[in-house]
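Computed over heavy atoms, backbone and side chain alike; hydrogens, waters and symmetry mates excluded. Below, chains carry the letters A, B, ... as their sequence lines are ordered, and counting in each starts from 1.
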There are 2 protein chains.
Amino acid sequence: MTVSLTRPLVLDPHPGTDPCVHCDARQASVCNAIPDSEMARLSTTAVVMEAAPGTTFIDEGEPAASFFNITRGTAKLFKLLPDGRRQITGFVTVGHFLGLAVSDTYAFSAEAIDNVRYCRFSRARLRSLLDDFPLMEKRLLEVASNELVAAQEQMLLLGRKTARERLASFLAMQSRQGVICQHPRERFALPMTRGDIADYLGLTIETVSRTLTKLRAEGLIDIPSPTEVIIRSQAALERLADGAS
Amino acid sequence: MTVSLTRPLVLDPHPGTDPCVHCDARQASVCNAIPDSEMARLSTTAVVMEAAPGTTFIDEGEPAASFFNITRGTAKLFKLLPDGRRQITGFVTVGHFLGLAVSDTYAFSAEAIDNVRYCRFSRARLRSLLDDFPLMEKRLLEVASNELVAAQEQMLLLGRKTARERLASFLAMQSRQGVICQHPRERFALPMTRGDIADYLGLTIETVSRTLTKLRAEGLIDIPSPTEVIIRSQAALERLADGAS
DNA sequence: CTATGGCGTTGACGCAGATCAAAACTGGCG
DNA sequence: CGCCAGTTTTGATCTGCGTCAACGCCATAG
């Protein structure tokens with residue numbers, strides 16, 4: 001009775017069939033917990049929206065009226081300090097949920113990196129949806145729990161790892177992302193800028209650039225273009241990421 | 001129909017009536033989502049356990065067979081790197097849940113700071129409990145979502161705040177903890193050591209000590225004993241915590 | 001073609017916080 | 001009481017990464 005964890009849960013009532021950005025495999029745009037009949041009904045209350053690159057579509061501190069499900073593209077979530085310092089708390093792609101927390105305002109902002117499509121609906125609608133489909137609630141609990149584990153891993157990175165280890169962890173993680181599609185994971189694209197990577201890893205742009213250059217010089221990775229990475233030694237990278245060297 | 005968020009949810013089938021560590025107010029050791037009859041039945045499958053200070057009762061990497069609910073005391077959750085570097089991801093007290101994530105091994109370790117009592121039961125039992133009491137599942141989703149928000153706040157701290165700001169944030173947070181009981185929050189105890197604080201804030205023991213000394217010298221706080229703090233200026237501390245100075 | 005502006009890389013230098021070291025304090029126990 | 005082990009504080013020094021600055025690359029506009 002457990003809900004499948006291998007497919008992204010997508011609430012878009014008009015499911016797209018866009019090819020995977022890495023390979024040409026079609027995304028499975030189906031919701032595993034809600035029957036098609038309900039999905040059709042959803043389309044009358046849910047709004048499907050697009051956000052162009054650089055567009056902020058959730059503002060930290062604004063009244064949290066809606067609940068979001070990403071159905072295409074990549075967005076960054078971040079928090080700001082008054083003087084402009086920024087911490088990116090995560091990059092989210094198709095299947096991710098935003099705005100789950102019970103709070104009257106959003107705890108973070110969200111900005112589109114590439115062309116993002118998302119499904120937005122009111123919290124009231126979410127509540128009734130969860131009442132009708134307990135499986136959906138179960139699934140959300142699983143999702144939130146797993147994100148919590150990822151957040152703790154990121155705390156370890158931010159609190160205790162060196163710049164080298166942070167970059168190695170980041171690259172290893174990015175290469176692991178691609179397991180959903182059949183694409184070989186050694187080579188992959190980095191949709192975000194150096195500034196985004198820096199703000200995600202708690203470093204500066206310069207340190208990110210320098211460290212990547214060094215990792216390349218050591219033969220661990222290759223960087224054919226600023227937005228593309230090839231892992232030369234997955235094992236060595238993982239070892240470095242876990243602080244064993 | 002929403003479950004109360006103001007009281008800690010405690011699953012201990014033998015609820016204690018220990019006074020609050022700060023004042024003498026009795027803890028509300030009741031479960032808001034599960035009727036007493038079920039709580040009684042729970043006592044046949046759940047195990048209530050005690051952990052003495054310094055005892056590790058969850059080991060990262062071990063098979064995740066159980067689910068925990070803290071019913072007394074304070075514990076620290078942490079992750080380790082192979083060379084011993086440690087990141088404390090949180091301090092948990094009465095009402096907190098551990099081991100929610102769907103994973104075959106624990107993602108962190110847990111160690112008792114003072115005398116900890118907790119209720120342990122199998123994941124299978126949790127699953128059937130959630131099937132029987134949807135309110136309980138709703139509550140867990142709320143809890144997990146709010147912890148996720150707290151984790152993001154901590155990422156901002158670890159990635160972008162200075163040592164001063166980290167300590168100010170930590171002290172402000174600790175003083176806010178006491179709002180459940182009626183105790184005036186200016187003065188409170190720090191049950192954890194300087195080493196724990198350091199590993200929680202991504203600093204060293206020395207930096208924590210020096211920074212606290214400096215905050216005291218500046219009149220923001222007072223430290224009658226190493227384990228006790230008095231907030232002299234809550235407003236100034238909060239301002240400092242948010243990076244506005 | 002040149003101008004402009006965003007992004008990435010590289011170099012020189014400085015500093016916040018880590019590291020190393022030692023002294024002061026604390027509680028437990030004979 | 002005095003001894004001991006663990007914790008906290010304080011001081012001196014070091015260093016990884018931040019800061020500041022310059023430059024190269026590319027895309028778009030004029």
Side-chain angles (χ1 to χ4, degrees), chain A residues 52-54 76 81 83-88 111 113-114 157-171 189-218 221-229 240 243 245, chain B residues 52-54 76 81 83-87 111 113-114 157-170 189-218 221-229 240 243 245:
Chain A
K76 53 194 172 199
L81 287 172
D83 63 2
R85 277 175 286 172
R86 183 179 69 156
Q87 179 64 40
I88 291 183
E111 184 182 320
I113 290 178
D114 46 23
L157 181 149
L158 292 170
R160 289 299 179 218
K161 289 188 183 178
T162 66
R164 267 173 80 77
E165 291 163 355
R166 291 180 202 209
L167 262 303
S169 301
F170 175 71
L171 293 174
L190 293 178
M192 66 292 288
T193 66
R194 295 288 185 270
D196 289 340
I197 298 174
D199 284 348
Y200 179 59
L201 299 178
L203 301 169
T204 59
I205 295 177
E206 295 92 329
T207 299
V208 168
S209 179
R210 267 187 262 272
T211 307
L212 285 177
T213 301
K214 207 155 173 220
L215 289 176
R216 185 184 50 189
E218 292 165 5
I221 61 171
D222 209 342
I223 311 172
S225 88
T227 62
E228 221 170 344
V229 174
L240 179 54
S245 85
Chain B
K76 53 194 173 198
L81 287 173
D83 64 1
R85 278 174 287 172
R86 182 179 69 156
Q87 179 64 38
E111 183 183 320
I113 289 178
D114 46 23
L157 181 148
L158 292 170
R160 288 299 179 221
K161 291 189 183 177
T162 65
R164 268 173 79 77
E165 290 162 355
R166 292 179 201 208
L167 261 304
S169 301
F170 175 71
L190 293 178
M192 67 291 289
T193 67
R194 294 287 184 272
D196 290 339
I197 298 174
D199 283 348
Y200 180 59
L201 299 178
L203 300 169
T204 59
I205 296 178
E206 294 92 328
T207 299
V208 168
S209 178
R210 267 187 262 273
T211 307
L212 285 176
T213 302
K214 206 153 173 221
L215 289 176
R216 184 184 52 189
E218 292 165 4
I221 61 171
D222 209 342
I223 311 171
S225 88
T227 61
E228 221 171 344
V229 174
L240 179 55
S245 85

- Heavy atoms under 4.0 Å, any strand shown: does B/Thr193 hit a base, just sugar-phosphate, or nothing?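 It contacts sugar-phosphate atoms only.
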
Measure [atom1]/[X] against [atom2]/[N] and give the value in whole Å, please.
X: A/Glu228; N: C/dG8; atom1: CD; atom2: P; value: 14 Å
X: B/Ile205; N: D/dG6; atom1: CD1; atom2: C1'; value: 11 Å
X: B/Met192; N: D/dT7; atom1: CE; atom2: P; value: 15 Å
X: A/Leu167; N: C/dG8; atom1: CG; atom2: P; value: 13 Å
X: A/Arg194; N: D/dC25; atom1: CZ; atom2: C1'; value: 13 Å
X: B/Lys214; N: C/dA16; atom1: NZ; atom2: P; value: 9 Å
X: B/Asp199; N: C/dA18; atom1: CG; atom2: P; value: 11 Å
X: B/Asp196; N: D/dG6; atom1: CG; atom2: P; value: 16 Å

- Message: Treating primed atoms plus P, OP1 and OP2 as sugar-phosphate and everything else as base, which nucleotides of nucleotides 14-20 of chain D get B, S or - for protein heavy atoms under 4.0 Å?
- Response: ---SSBB

- Message: Is it the case that the side chain of A/Gln87 and the backbone of A/Tyr200 share a donor-acceptor pair, with hydrogens and angles ignored and the cut-off at 3.5 Å?
- Response: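 Pair found, side chain donor or acceptor close to backbone of A/Tyr200.
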
- Query: So, the side chain of A/Arg166 versus the backbone of A/Leu201: is there a donor-acceptor pair under 3.5 Å, distance only?
  - Reply: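 Yes; judged by distance alone, with no hydrogens or angles, the pair exists.
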
- Could you check B/Thr207, B/Leu212, B/Leu240 and say which one makes a side chain to side chain contact (heavy atoms under 4.5 Å, CB included) with B/Leu167?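 Testing each of B/Thr207, B/Leu212, B/Leu240 against B/Leu167, the sole residue satisfying side chain to side chain contact (heavy atoms under 4.5 Å, CB included) is B/Leu212.
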
- Query: With sequence neighbours left out, what residues match A/Thr162 under side-chain contact (heavy atoms from CB on, under 4.5 Å)?
  - Reply: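 Once residues adjacent in sequence are excluded, the partners of A/Thr162 under the side-chain contact (heavy atoms from CB on, under 4.5 Å) criterion are A/Arg164, A/Glu165, B/Arg85.
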
- Task: Could you tell me whether the phosphate oxygens of C/dT10, OP1 or OP2, come under 4.0 Å of any side-chain nitrogen or oxygen in A/Thr213?
- Result: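 Yes.
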
- Does A/Asp196 pair with A/Arg86 as a salt bridge, N-O distance under 4.0 Å?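 Salt bridge present between A/Asp196 and A/Arg86.
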
- Can you tell me how far OG of A/Ser209 sits from CD1 of A/Ile223, rounded to the nearest 0.5 angstrom?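 Output value for this atom pair is 8.0 Å.
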
